[in-house]
Amino acid sequence: MDIQPDLIVGFSVDGDMKTFKNLEKSGQKVIFNADWTEKTPLGKAEWLKFFGALYDLDTKADALFTTIEKDYNEALALAKKTTVKPTILSGAIYEDKWYLPQGDSWAAYFLKEANGNYLWKDTKGTGSLALSFETVLDKAKEADFWIGPGQFSSMKEILDKNPNYKYFKAVQNNKVYSFSSKKGKTGGVIYYELAPNRPDLVLKDIIKIIHPEVLPDYQLYFFEKLK
């Protein structure tokens with residue numbers, strides 16, 4: 001069940017293959033993991049099968065993905081039945097710019113799937129927008145929820161960093177939710193490590209936040225309401 005010692009799993013963002021070609025010349029085998037190029041949460045999660053094949057755990061990986069896919073689609077069906085689309089703000093200020101997900105990004109995709117109205121959903125691109133505080137305030141001052149406020153893990157941190165955050169309705173109503181406060185044993189943010197493989201839990205979290213009546217017994221896994 002061990003992965004072959006001479007097999008290297010790599011990826012290339014800019015197409016530079018020089019390092020991998022040199023490794024191949026030395027007799028090492030190279031295969032590529034392209035999960036980061038996937039456009040949908042389930043597409044990214046399906047790469048579990050890739051690693052299952054590497055470790056001779058195909059059956060286990062297939063079964064795990066099947067469960068994730070089923071749970072995701074069941075949650076999606078529930079979200080589609082909701083009739084209200086709460087408005088959503090995301091991101092935070094970093095070095096004088098407010099960075100928030102572009103409309104085609106992985107993060108924005110979840111907000112749409114949960115039947116939320118992400119205020120920048122119509123922007124193009126899969127990366128981040130860099131906007132001024134005034135631009136964001138003008139558009140999102142009345143947003144119902146602030147989901148994913150950067151690295152903030154408490155309301156005190158938010159207001160200490162910039163007192164002007166108090167002008168957002170989501171801050172005034174204590175409807176700010178972050179994944180940064182939940183960390184693993186070594187201090188890493190769990191969301192960054194596990195979310196790409198568990199889109200079912202991410203979707204359920206967001207549905208629970210903006211449509212709590214849909215999943216009354218569900219407990220947030222990645223996100224937490226900031227205090």
Side-chain angles (χ1 to χ4, degrees), residues 41 75-76 78-80 82-183 189-192 195 199 201-216 218-227:
L76 179 61
L78 291 174
K80 286 182 176 180
T82 58
T83 56
V84 177
K85 285 189 175 183
T87 49
I88 301 170
L89 161 69
S90 189
I93 295 175
Y94 178 73
E95 295 185 349
D96 298 325
K97 289 293 184 180
W98 192 306
Y99 292 92
L100 63 164
Q102 291 179 319
D104 300 322
S105 66
W106 192 66
Y109 192 98
F110 278 114
L111 300 178
K112 178 183 177 181
E113 294 280 82
N115 204 23
N117 179 16
Y118 175 49
L119 293 175
W120 280 268
K121 64 182 180 297
D122 294 326
T123 59
K124 301 300 180 182
T126 58
S128 298
L129 296 167
L131 306 176
S132 68
F133 178 89
E134 292 77 14
T135 298
V136 176
L137 180 63
D138 182 63
K139 188 167 186 174
K141 182 179 180 180
E142 298 298 318
D144 297 308
F145 294 90
W146 184 1
I147 300 177
Q151 298 302 310
F152 293 123
S153 57
S154 73
M155 294 301 293
K156 183 178 185 303
E157 282 184 17
I158 288 177
L159 295 174
D160 284 350
K161 186 67 175 180
N162 190 330
N164 290 323
Y165 282 130
K166 68 183 179 183
Y167 293 112
F168 289 91
K169 187 177 79 170
V171 173
Q172 297 166 7
N173 294 342
N174 294 317
K175 290 189 175 181
V176 182
Y177 291 81
S178 175
F179 53 71
S180 297
S181 57
K182 293 189 175 182
K183 300 179 179 180
V189 177
I190 296 174
Y191 185 86
Y192 294 135
L201 297 178
V202 178
L203 181 60
K204 287 180 181 180
D205 273 12
I206 297 174
I207 292 173
K208 177 67 175 183
I209 291 169
I210 66 176
H211 301 296
E213 73 285 354
V214 172
L215 296 171
Y218 178 77
Q219 299 296 315
L220 295 179
Y221 188 89
F222 291 114
F223 287 85
E224 185 173 62
K225 185 176 184 178
L226 297 190
K227 300 177 181 178

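The residues of the chain are indexed from 1 along the displayed sequence.
In this structure a side-chain-to-backbone donor-acceptor pair under 3.5 Å is missing from Q102 to L129. Between the W146 side chain and the G91 main chain, a donor and an acceptor come within less than 3.5 Å of each other. Without hydrogens or angle criteria, K121 side chain to Y109 main chain gives no donor-acceptor distance under 3.5 Å. Side-chain N or O atoms of S178 include one that pairs as donor or acceptor with a backbone N or O of F152 at under 3.5 Å. Between the side chain of K208 and the main chain of L215, a donor-acceptor pair closer than 3.5 Å is present. Looking at K182, its side chain does come within 3.5 Å of a backbone N or O of Y221 through a donor-acceptor pair. Put simply, the side chain of S181 never gets that close to the backbone of S154: no donor and acceptor are under 3.5 Å apart. With hydrogens and angles ignored, the 3.5 Å screen pairs no side-chain donor or acceptor of D144 with any backbone N or O of P86.
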Full working for salt bridge (charged side-chain N to carboxylate O under 4.0 Å, His left out) between K124 and D104: CA-CA 6 Å; K124 301 300 180 182; D104 300 322; 5.0 Å; no
Steps toward side chain to side chain donor-acceptor pair (under 3.5 Å) verdict (T87, N117): CA-CA 5 Å; T87 49; N117 179 16; 5.8 Å; no
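Aromatic ring orientation, Y177 versus F145: tilted (interplanar angle from 30° to 60°). Below 30°, between 30° and 60°, or above 60°: for W106 and F110 the angle between ring planes is above 60°, a perpendicular geometry.
The neighbour count for Y94 OH, taken as heavy atoms of other residues, nucleotides or ligands under 6.0 Å away, does not exceed 12. For K169, the NZ atom sits in a packed shell: over 12 heavy atoms of surrounding residues, nucleotides or ligands are nearer than 6.0 Å. Within 6.0 Å of the CD atom in Q172, the count of heavy atoms belonging to other residues, nucleotides or ligands exceeds 12. For K139, the NZ atom counts as densely surrounded, since its 6.0 Å shell holds more than 12 non-hydrogen atoms of other residues, nucleotides or ligands. By the neighbour-count criterion of 12 heavy atoms within 6.0 Å, atom OH of Y167 is sparsely surrounded, having that number or fewer from other residues, nucleotides or ligands.
Inter-residue side-chain proximity for T82 and I210 is flagged as unmet; no heavy-atom pair is nearer than 4.5 Å. Annotation: side chain of W98 is in contact with side chain of L89 (closest heavy-atom distance under 4.5 Å). Looking at heavy atoms from C-beta onward, Y118 lies in side-chain contact with P101 at the 4.5 angstrom threshold. The side-chain heavy atoms of F168 and V136, taken from C-beta on, include a pair separated by under 4.5 Å. With a 4.5 Å cut-off on side-chain heavy atoms, L201 and Y218 count as touching.
Between the CG atom in N162 and the CG atom in D96 there is a gap of 9.5 Å [rounded to 0.5 Å].
For the side-chain contact (heavy atoms from CB on, under 4.5 Å) criterion with L100, the lone passing option out of L119, L131, I93, T123 is L131.
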